Amino acid sequence: MFNNYRREVELNVVEDLIQGRVFEHWLNFLVSDKLRECELDYKDYFKKTLIYQNLMNVLVEDISMQCPVMETFDPRQDLSEKDIDYLKKELEHLDWVSTSIDIVKDLETKGDVFFQIYYDEKDGKHKFNKLESENMLDIIDNGKDPVKYIYRNERMVKSLDLDNGTYFRKKTEDLIIFTEGYYVIYRDTINLDLSSTEDKEIVLNSKEMGDMVPIIHLRGKKKRKYSEFSEIPCVSYIDSVLYTTTINTDIRTSNRSSGSPRMVVVNGELDFERSVLDAGGIIHIDTPEKLKEFSNTYLPETNVKYFEITNSLSSLRQEFISHLDYLYRVIGLIPPTLQEKMSTSDSSKAIAQFRTKQETKNKYYLNTIRKGFSKFFGLLLRDNNKKSKFKEVYLEIPEILVTSSVYDNLLLTAQKMSLGVTTLKDYLKEQGYSEKQIEDLMENQKEVMENLQIDVDTSEIEGTKVNEVESTGVDNRFKQNKSK
């Protein structure tokens, strides 16, 4: 019914690599068909030697942690002190920091992120519920009719009959269609067939939501061809992750072969019951029965040989570093070798140049989140104040587009103040301080500056007295010399 097979495959592969289920993908990608068809059980051998350090998950974590979280609202909107205070509290209730980090992760691993907006009658305010991106089956937008989002909701139906002692569990699927002004729930569908349902419910938007589609759709950077879904960035990392995993496995295999040489017995049989194969152990080798029929003159010689890697493994290490650096460049992060070199340098200019690609990606993600949630924050403001004129409320994109320290943020603010771009009062207001708190802080600052001025004046007075004493001493010596 829904032709998005390629997207489903990509989502499943990326999820497998995130969860560490890499073996089957690695086997099909890098091991030849001829070797896999060999009579020997190579699959078990490969599974036990494969080294996968969950690289895909590490990369996604790095990307999400390097993207800053927007925790303030754009001051150009002229929000009142009361509005800012209310919205800041709502951000805490929404666990906004965790939500923002998860959004960036999903934009990387799933391409699109979806939230459902609804009105909670009990709490008397609008809320959002995160939807599973992989369960969004299709988006229909022909440019004429209202856009429609088709979503599959999986749930478990349970029932317990104590009289008969029966417990029933059944997994069922609902089909939900979101469109302008409402959404429709088709319960207990069979094979996602709308005609198979006998229970349909229409849920209208709240009055404040109006005719908006009750969905927040955060789109990825690149749109799929012939589809309303976005490309999945992590798909472009798969090949490099599998190559890096192969090299890492080769390094481990070579190290083991170097430390534990492989023995080969020619014209003999190992006696496993009497032999000790560990380092320093004694190995017993018997003549095979089929060779005993030969005369002593023509009896084949029994030999034990071993193979050992004696050359340097530096080439494997260099190959691993090269692929890992390339992978980080594809993603937009600073490669590990450059990180190591720049850690010994205090040049912030060099660091800024290398993270340009990362900042560009972060800016796009932040702008997507900012636009996507603007209507929701506008609804929250109207929940608190019915007379609010704001239909959309925007978060503020930070000027430093990567996760930075408190020192970096304060340094930037101090530079802006010195240039006259902003003031301390404006900065504190952006951080959510009330007018009373700002007045108290300004008063404290004034008191501190006055105390510093007193200390400076006292030092100058004491310095003047010392000079006078020194001057008097010189005069006295002069007078004494003169009297003599």
Side-chain angles (χ1 to χ4, degrees), residues 1-12 15 99 102-103 106-107 109-121 126-155 171-233 365 367-379 391-392:
M1 181 178 179
F2 305 104
N3 187 18
N4 287 296
Y5 177 74
R6 183 179 179 83
R7 174 177 177 266
E8 293 176 13
V9 171
E10 291 176 355
L11 286 169
N12 290 332
E15 180 65 16
T99 301
D102 289 341
I103 288 173
D106 285 350
L107 285 171
T109 59
K110 300 177 181 180
D112 299 89
V113 186
F114 303 94
F115 292 86
Q116 177 191 355
I117 303 176
Y118 66 97
Y119 183 75
D120 191 323
E121 296 284 350
H126 290 84
K127 295 182 179 181
F128 62 74
N129 177 43
K130 188 173 184 296
L131 303 177
E132 297 294 335
S133 296
E134 56 270 27
N135 287 343
M136 187 63 72
L137 303 178
D138 206 352
I139 304 171
I140 301 175
D141 186 7
N142 56 20
K144 298 178 180 180
D145 300 321
V147 62
K148 296 178 179 61
Y149 290 84
I150 304 174
Y151 183 74
R152 176 182 60 206
N153 181 46
E154 299 175 342
R155 59 190 175 90
K171 185 178 180 180
T172 185
E173 292 182 343
D174 302 333
L175 207 60
I176 306 177
I177 299 178
F178 299 91
T179 189
E180 293 181 3
Y182 65 96
Y183 63 93
V184 185
I185 306 175
Y186 298 87
R187 290 190 173 87
D188 299 332
T189 57
I190 300 174
N191 296 325
L192 302 177
D193 183 6
L194 296 181
S195 62
S196 65
T197 185
E198 296 180 357
D199 185 6
K200 183 177 76 171
E201 179 183 2
I202 299 176
V203 181
L204 299 176
N205 282 355
S206 65
K207 181 180 178 181
E208 290 76 14
M209 292 171 65
D211 291 333
M212 66 177 287
V213 180
I215 287 287
I216 297 175
H217 181 188
L218 305 180
R219 299 178 183 272
K221 192 173 182 180
K222 186 178 180 181
K223 185 180 176 183
R224 284 179 176 273
K225 193 174 183 180
Y226 307 121
S227 174
E228 294 300 319
F229 290 107
S230 306
E231 295 282 356
I232 301 173
Y365 284 165
N367 198 43
T368 298
I369 296 171
R370 180 177 183 267
K371 290 181 178 179
F373 279 90
S374 60
K375 291 184 179 180
F376 174 75
F377 287 124
L379 289 171
K391 293 184 178 181
E392 297 177 349

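Bear in mind that the values here come from a model prediction, so they are computed numbers and not experimental data. When a residue number appears, it is its place in the shown sequence, counting from 1.
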Calculate, to the nearest 0.5 Å, the distance between atoms [atom1] and [atom2] belonging to [X] and [Y] respectively.
{"X": "Glu134", "Y": "Asp106", "atom1": "CD", "atom2": "CG", "value": "8.5 Å"}
{"X": "Lys127", "Y": "Tyr119", "atom1": "NZ", "atom2": "OH", "value": "10.5 Å"}
{"X": "Ser133", "Y": "Leu11", "atom1": "OG", "atom2": "CG", "value": "8.0 Å"}
{"X": "Ile176", "Y": "Met136", "atom1": "CD1", "atom2": "CE", "value": "9.0 Å"}
{"X": "Thr179", "Y": "Ile215", "atom1": "OG1", "atom2": "CD1", "value": "10.5 Å"}
{"X": "Leu137", "Y": "Ile150", "atom1": "CG", "atom2": "CD1", "value": "7.0 Å"}

Derivation of the side chain to side chain contact (heavy atoms under 4.5 Å, CB included) call for Asn135 and Asn153:
CA-CA 7 Å; Asn135 287 343; Asn153 181 46; over 6 Å; no
Give a yes or no on whether a salt bridge exists between [X] and [Y], defined as a side-chain N under 4.0 angstrom from a carboxylate O.
{"X": "Arg152", "Y": "Glu154", "result": "yes"}
{"X": "Arg224", "Y": "Glu10", "result": "yes"}
{"X": "Arg187", "Y": "Glu201", "result": "yes"}

Is any side-chain heavy atom of [X] less than 4.5 Å from a side-chain heavy atom of [Y]?
{"X": "Asn205", "Y": "Met212", "value": "yes"}
{"X": "Arg6", "Y": "Glu8", "value": "no"}
{"X": "Leu218", "Y": "Ile216", "value": "yes"}
{"X": "Leu379", "Y": "Ile117", "value": "yes"}

NZ (Lys148) with more than 12 external heavy atoms under 6.0 Å:
yes
Would you say Lys391 has more than 12 foreign heavy atoms packed within less than 6.0 Å of its NZ?
no
Taking side chain to side chain donor-acceptor pair (under 3.5 Å) as the test, write out the residues that go with Asp145, two or more places apart.
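Checked Asp145 against side chain to side chain donor-acceptor pair (under 3.5 Å); matches are Asn142.
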If the test is side chain to side chain contact (heavy atoms under 4.5 Å, CB included), which one of Leu131, Asn129, Ile103 qualifies with Phe115?
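The residue from Leu131, Asn129, Ile103 that satisfies side chain to side chain contact (heavy atoms under 4.5 Å, CB included) with Phe115 turns out to be Ile103.
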Candidates Tyr182, Tyr186, Tyr149 - the one meeting side chain to side chain contact (heavy atoms under 4.5 Å, CB included) with Ile177
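Among Tyr182, Tyr186, Tyr149, the one meeting side chain to side chain contact (heavy atoms under 4.5 Å, CB included) with Ile177 is Tyr186.
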Start with the C-alpha gap between Lys223 and Glu228, add the side-chain angles, then the distance that decides, and say whether salt bridge (Lys or Arg N to Asp or Glu O under 4.0 Å) holds.
CA-CA 7 Å; Lys223 185 180 176 183; Glu228 294 300 319; 3.4 Å; yes
Could you check whether Tyr183 and Phe178 have their ring centres less than 6.0 Å apart?
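Phe178 vs Tyr183: aromatic centres under 6.0 Å.
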Mind telling me whether Phe373 and Phe376 have parallel, tilted or perpendicular rings, with 30° and 60° as the class edges?
perpendicular
Under 3.5 Å, is there a donor-acceptor pair between the side chain of Ser230 and the main chain of Asp112?
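No; judged by distance alone, with no hydrogens or angles, the pair does not exist.
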Got a donor-acceptor contact below 3.5 angstrom from the Tyr151 side chain to the Glu132 backbone?
yes
Smallest heavy-atom separation, His217 atom then Ile139 atom, equals CE1-CD1, 3.7 Å
Determine, for Phe229 and Arg7, whether the Lys NZ or Arg CZ falls below 6.0 Å from the six-membered ring centre while staying within 45 degrees of the axis.
yes
So, Thr172 versus Asp188: side-chain donor-acceptor pair below 3.5 Å or not?
yes
If only side-chain N and O atoms count, and only distance matters, is there a donor-acceptor pair under 3.5 Å linking Asp120 with His126?
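Note: His126 and Asp120 side chains miss the donor-acceptor criterion.
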